[in-house]
A.B. asks: 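The structure follows.
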Amino acid sequence: TNEYQLSEVIGMFGGKWWKLGYDVFYGISTLIALWSYSALFGVSLARNIGIPGIADACDMSLDTEDRAEGCRGLYSLYVSIFWIWTLIVSLMDFTEQQGIQIFATGARIAIISLMIFTSIGLIYSSWFYDGETYQASTIDLSGSYAQGTLAWKWSGMAYMIAVSAFAYGNQYCVTDIIQPLSQQDRNTKQHKLWAYSVGICAIVYISCGVAISLYYGDNTESPCTLAWRGFMGFTYTDEQPIWALIISWFIVLFPAIDIGSAYPLNAVTLANTIEAAIMPENITHASISEMDDGNDNNDNDNVFNRICNYDKRYSILFRVLVCTSTAILALIEWNFDLILAISGAFGLLAVYGGPCILEWKSKQMMMEITNYQDVNIANTPITKSWSSHRSWLIIICGTALIAFIAVFVDIIQTYA
């Protein structure tokens with residue numbers, strides 16, 4: 001198997017400056033994304049689970065004078081617990097995380113399904129959510145939508161694009177590959193693998209977003225799962241039913257379950273990228289017949305494969321530094337919406353701009369090597385004509401650049 005970080009490949013075809021640009025934007029984006037995970041974990045648990053002797057459940061989004069006494073300490077404790085968890089899991093190999101990832105995926109499916117179905121049920125219930133609690137409506141609201149809910153609006157578009165970039169670029173919609181694909185799978189299954197993953201994710205996001213916004217509208221909380229605190233079911237009752245209580249806690253604690261599994265994947269990827277960017281690599285070569293997991297689909301045992309090996313001490317060091325730095329940042333700033341927007345903005349240029357740069361520069365190099373004799377010289381067995389057209393590069397890069405600027409304009413207007 002040929003194992004390269006995307007950063008390395010961009011450097012091979014585009015040169016050190018393109019590689020440096022990608023490394024900077026990707027590093028900033030992923031580091032801030034991990035920062036947001038730590039902050040979200042602390043905010044979600046502090047909002048819902050108090051600890052005697054420290055503080056009752058409290059809202060960290062309130063101003064200092066409005067927060068309950070000890071709220072900062074409670075939040076800091078949860079961030080510290082998350083830091084310990086991320087250190088342990090991030091030091092595992094991907095293959096050792098399979099059980100955790102499978103459990104987390106099952107939990108995501110179950111909880112997101114509950115969010116969609118309960119939101120639809122609440123639309124036809126007698127309950128009204130005022131932003132804090134569920135109130136029994138004095139008029140029949142069954143079947144009515146939240147006021148001000150529109151199918152489409154341009155305001156906040158930059159923030160929406162940044163959030164989408166964050167979601168699609170940080171392991172939520174990217175299939176996790178435990179081991180590199182064989183050449184045959186790359187030729188026959190790679191496009192389907194990514195298409196199914198992104199397609200399923202898009203359907204889930206649209207279904208969840210539409211259902212939640214139709215009921216909660218302007219009262220949607222950040223994160224939206226907090227709105228299920230005190231969920232009372234669908235019919236009027238004086239006491240919360242047991243089944244509603246169970247659903248409520250499952251959904252409210254969903255961010256903790258979700259980011260607890262997503263964080264290690266991103267942390268390891270970032271640590272590997274940093275290591276590949278600044279540390280010397282030890283390159284060894286072995287024929288396929290000498291490799292333990294030999295490729296049965298290749299009949300040529302004399303084909304040599306490049307294997308990059310880095311010092312394990314540095315791998316551990318970078319992973320510890322990534323986990324520790326994001327925990328420290330979360331203790332300094334916990335405004336999830338702000339952190340999310342900044343991460344998504346940088347992610348637009350790295351996650352979407354990086355592959356476009358690689359596509360452009362690799363084609364350019366192949367054309368130069370062959371003296372521009374064949375316009376299709378850069379095509380590979382998995383190249384598709386409809387997806388390799390230059391117009392895609394222009395559309396993707398143009399949209400990413402415009403949205404990047406618009407996000408910071410929006411942040412300045414909102415928080416200045």
A.B. asks: Taking the six-membered ring where the residue is Trp, are the ring centres of F346 and F408 under 6.0 Å apart?
C.D. replies: yes

A.B. asks: Step by step, work out the side-chain contact (heavy atoms from CB on, under 4.5 Å) result for M232 and S248.
C.D. replies: CA-CA 9 Å; M232 299 294 289; S248 172; over 6 Å; no

A.B. asks: For A55 and L74, work out which heavy atoms get closest and say how close.
C.D. replies: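 Of all heavy-atom pairs spanning A55 and L74, the closest is O-CD2, 4.0 Å.
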
A.B. asks: Which pairs with one or both residues in residues 218-266 pass disulfide (SG to SG under 2.5 Å), sequence neighbours excluded?
C.D. replies: none

A.B. asks: Return a table of donor-acceptor pairs under 3.5 angstrom between the side chains of residues 115-123 and protein atoms on other chains or two or more places apart.
C.D. replies:
unit_1	atom_1	unit_2	atom_2	d
T118	OG1	L114	O	2.5
T118	OG1	M115	O	3.3
T118	OG1	W228	NE1	3.0
S119	OG	M115	O	2.8

A.B. asks: Is the number of heavy atoms from other residues, nucleotides or ligands within 6.0 Å of CZ (F234) greater than 12?
C.D. replies: yes

A.B. asks: Using the rule given for side-chain contact (heavy atoms from CB on, under 4.5 Å), can you reason through Y37 versus N266, listing the C-alpha separation, both sets of side-chain angles and the distance that settles it, and then say yes or no?
C.D. replies: CA-CA 10 Å; Y37 292 162; N266 288 280; 3.7 Å; yes

A.B. asks: Suppose we screen for disulfide bond (SG atoms under 2.5 Å apart). Which residues come up paired with C397, at least two apart in sequence or across chains?
C.D. replies: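 For C397 there are no disulfide bond (SG atoms under 2.5 Å apart) partners, ignoring immediate neighbours.
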
A.B. asks: Rounded at 0.5 Å granularity, tell me how far CG in L401 sits from CD1 in I396.
C.D. replies: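 So the CG of L401 and the CD1 of I396 are separated by 13.5 Å.
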
A.B. asks: Got a second to check how far Q135's CD is from F128's CZ, nearest 0.5 Å?
C.D. replies: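 Nearest 0.5 Å value for the CD-CZ distance: 8.5 Å.
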
A.B. asks: Tell me if the CH2 atom of W243 is crowded by more than 12 foreign heavy atoms within 6.0 Å.
C.D. replies: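 Buried by this count: over 12 neighbours within 6.0 Å.
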
A.B. asks: Looking at every non-hydrogen atom in both residues, tell me the closest pair between A350 and P355 and how far apart they are.
C.D. replies: O-CD, 3.8 Å

A.B. asks: So for atom CG, which belongs to N219, do other residues, nucleotides or ligands contribute more than 12 heavy atoms lying within a distance under 6.0 Å?
C.D. replies: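 Yes, because the 6.0 Å sphere around CG of N219 holds more than 12 heavy atoms from other groups.
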
A.B. asks: Kindly compute the distance separating CG (L34) from OG (S36), expressed to the nearest 0.5 Å.
C.D. replies: 7.5 Å

A.B. asks: Show the atom names and distances, to 0.1 Å, of all donor-acceptor pairs under 3.5 Å that link a side chain in residues 41-52 to residues at least two apart or in another chain.
C.D. replies:
unit_1	atom_1	unit_2	atom_2	d
S44	OG	L40	O	2.9
R47	NH2	E221	OE1	2.7
N48	ND2	S44	O	2.7

A.B. asks: Could you measure the distance from the CZ atom of R319 to the CD1 atom of I274? Nearest 0.5 Å is fine.
C.D. replies: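 If I round to the nearest 0.5 Å, the distance is 11.5 Å.
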
A.B. asks: Checking side-chain hydrogen bond (donor to acceptor under 3.5 Å, both in side chains) for the pair S362/Q364: CA distance, chi angles, key distance, verdict?
C.D. replies: CA-CA 5 Å; S362 61; Q364 184 182 68; over 6 Å; no

A.B. asks: Do W334 and W35 have ring centroids that are under 6.0 Å from one another?
C.D. replies: no

A.B. asks: Could you walk me through whether L393 and E359 pass the side-chain contact (heavy atoms from CB on, under 4.5 Å) test, one step at a time?
C.D. replies: CA-CA 8 Å; L393 304 184; E359 174 85 0; 3.9 Å; yes

A.B. asks: Is it the case that more than 12 heavy atoms not belonging to E333 sit under 6.0 Å from its CD atom?
C.D. replies: yes

A.B. asks: Heavy-atom count check: over 12 atoms from other residues, nucleotides or ligands less than 6.0 Å from W18 CH2?
C.D. replies: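 For W18, atom CH2 is not crowded (no more than 12 foreign heavy atoms under 6.0 Å).
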
A.B. asks: If you take all heavy atoms of L31 and S325, which pair is closest and at what distance?
C.D. replies: CD1-OG, 3.6 Å

A.B. asks: Distance from F318 atom CZ to C323 atom SG, nearest 0.5 Å?
C.D. replies: 13.5 Å

A.B. asks: Do M60 and R72 pass the side-chain contact (heavy atoms from CB on, under 4.5 Å) test, and can you show the C-alpha distance, the side-chain angles, and the key distance before you say yes or no?
C.D. replies: CA-CA 7 Å; M60 283 295 291; R72 176 65 185 273; 4.0 Å; yes

A.B. asks: With sequence neighbours left out, what residues match T399 under side-chain contact (heavy atoms from CB on, under 4.5 Å)?
C.D. replies: I395

A.B. asks: Can you tell me how far apart CD1 (I259) and OG (S38) are? Round to the nearest 0.5 Å.
C.D. replies: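 Between atom CD1 of I259 and atom OG of S38 there are 7.0 Å.
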
A.B. asks: Between Y134 and W127, what is the ring plane arrangement, given parallel below 30°, perpendicular above 60°, and tilted in between?
C.D. replies: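 Correct class here is perpendicular.
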
A.B. asks: Extract all donor-acceptor atom pairs below 3.5 Å that involve side chains of residues 79-86 and protein atoms in other chains or at least two apart in sequence.
C.D. replies:
unit_1	atom_1	unit_2	atom_2	d
S80	OG	S76	O	2.9
W83	NE1	T324	OG1	3.2
W85	NE1	G260	O	2.9
T86	OG1	F82	O	3.1
T86	OG1	W83	O	2.8

